[in-house]
Undergrad: 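Structure below; questions to follow.
Whatever order the structure lists them in is the order used to number ligands and atoms, beginning at 1.
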Amino acid sequence: MLLYYKSNPSMLVRSTQLPSLSDPKFNYYNPLVDPIAHERVLQLERGIFMQEEYWRSKLINISYPISSMTRYSLTGSPKLHELVRKFHKLQNPNADFDQKELVFGVGATQVLHAILYAIYHKLKRKLLITVRTPGYLDIPETIPVLHTCQATYQPNLTYADVEFMATPNNPDGRLQTAQPGVLYTVYDRINFWPCYIGDDPSLPSRHTFKEEDITVFSLPKLNGFSGSRLGYAFIRDPELAHYARFYVVTQTHGLSIDSEIRHMTCLEWFMKDNNYQNFMRTMVETLQNRWNILRETLKSNSEIILLNSQGPNAWIQTPGKRAKDFLRSSYNIVGTYGPEYGASEDYARLNLLLFTYQFNEFIRRLRNTSG
Ligand SMILES: Cc1ncc(COP(=O)(O)O)c(C=O)c1O
């Protein structure tokens, strides 16, 4: 029998061990901390530091006896299922999830792979899959090592067996809709949280998900605990859900209970008082403010075109120049680049989910060299 985490508010205790973010020692670009900090490369590839900054201000600890919760969890503990459903219901009472099955995996990545496996085993033939570019190309890049499925990938098809459709999209934050010629649309909604939808942060609470047979989420993209891998999908077809679960169980023998505990603690904390609303308001305001500052800063920059205005990443173009070389030589910045998303080398994706001191340094560098 699974031994699972029981809700226990005494697990949440305050501690004073971590340094305050207002401590100048925490700002690694402060010349008093490191005189050559401004010369160091600024890494804007990935990482969810904005949320980490929020949690640091809360100083919540989890503690439990090492002897407890020792059993493994194959498909997610009952408590995890209950909390995830309850959390979605509270945020969006109109969401159509009640009749859908919930499948957990080690990150949304494993869930996406499990879905590909499930569709392949349901259709029992080689699959044609597509992604609209620029887009998140995890699946196409992973096909060669997913020995359990036969599939070919072609970008930007309007017909296919499966489209992996991130909406909002990674890298550019655009919202996408399903195409009628696609048999299975996999709605990758890992960025479908209010802070990533600058134009209309209330959209996730109004969306019904009615048309969506397969919808994928990732808790870390919401709360920032990206080391505690946990993704899930709501799947309408029980046969697909069964195959997807089978994939997770056979590939990793289920989930890590430690990661479940961290996310369950977070979900319970979110659902107390107005904690989620306060957390999300801070995320929405912080990111909107960053977008405003970035837009303003790049307005006078003739060498960088800002192509989007919402989401966790700035998607930019450096016309006529290889973005990787140009950003490194002009600003000492490293990002990820067009080819990773099916675009050319004059595109780059720059992470905005930074600690405040990192974001300030990013803007300082752009301003010092632009105009
Ligand atoms: C669009 C999209 N889908 C899926 C994933 C994978 O999420 P996870 O980290 O939960 O595996 C990512 C990761 O950034 C992503 O950007």
Undergrad: How far is atom 14 (O) of ligand 1 from its nearest protein heavy atom, and which residue and atom is that?
TA: Lys221 NZ, 3.5 Å
Undergrad: Nearest 0.5 Å, please: how far is OH in Tyr337 from OG1 in Thr318?
TA: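 Here the rounded value is 10.0 Å.
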Undergrad: Taking the ring of His207 and the ring of Tyr187, is the distance between their centroids below 6.0 Å?
TA: no
Undergrad: Is there a polar contact between ligand 1 and Tyr136, counting only N or O atoms under 3.5 Å apart?
TA: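 Tyr136 vs ligand 1: no N/O contact under 3.5 Å.
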Undergrad: Are Phe362 and Tyr331 an aromatic pair by the rule of ring centers under 6.0 Å?
TA: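 No, the ring of Phe362 stays outside the 6.0 Å limit from the ring of Tyr331, centre to centre.
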Undergrad: So for ligand 1, is Asn170 a polar contact partner (N or O within less than 3.5 Å, distance only)?
TA: yes
Undergrad: Is Arg229 in contact with ligand 1, taking contact as a heavy-atom separation below 4.0 Å?
TA: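 Yes, Arg229 has heavy atoms under 4.0 Å from ligand 1.
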Undergrad: Taking the six-membered ring for Trp, are Phe279 and Phe270 ring centroids under 6.0 Å apart?
TA: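 Yes, the ring of Phe279 comes within the 6.0 Å limit of the ring of Phe270, centre to centre.
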Undergrad: Is ligand 1 under 4.0 Å from a heavy atom in the side chain of Arg46, in the backbone, in both, or in neither?
TA: neither
Undergrad: Which residue owns the protein heavy atom closest to atom 11 (O) of ligand 1, what's the atom, and how far is it?
TA: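 Looking only at protein heavy atoms, the one closest to atom 11 (O) of ligand 1 is Thr109 OG1, 2.5 Å.
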Undergrad: Quick one: does Ala108 get an N or O within less than 3.5 Å of an N or O on ligand 1?
TA: yes
Undergrad: For atom 15 (C) of ligand 1, what is the nearest protein heavy atom, given as residue, atom name and distance?
TA: Ile190 CD1, 3.2 Å
Undergrad: Flag the pair Tyr247 / His121 as yes when their ring centroid distance falls below 6.0 Å, and as no otherwise.
TA: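 Between His121 and Tyr247, which both carry aromatic rings, the centre distance is not below 6.0 Å.
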Undergrad: Is it true that Asp96 and Lys100 have a side-chain N and a carboxylate O under 4.0 angstrom from each other?
TA: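 Answer for the salt bridge query: yes.
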Undergrad: With backbone taken as N, CA, C and O and side chain as the heavy atoms from C-beta onward, which portion of Asp188 lies under 4.0 Å from ligand 1: side chain, backbone, both, or neither?
TA: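 Just the side chain.
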Undergrad: Which atoms of ligand 1 sit under 4.0 Å from any heavy atom of Gly107?
TA: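 This gives 10 (O), 11 (O) as the contact atoms.
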Undergrad: Can the ring centres of Phe217 and Phe192 be said to be less than 6.0 Å apart?
TA: no
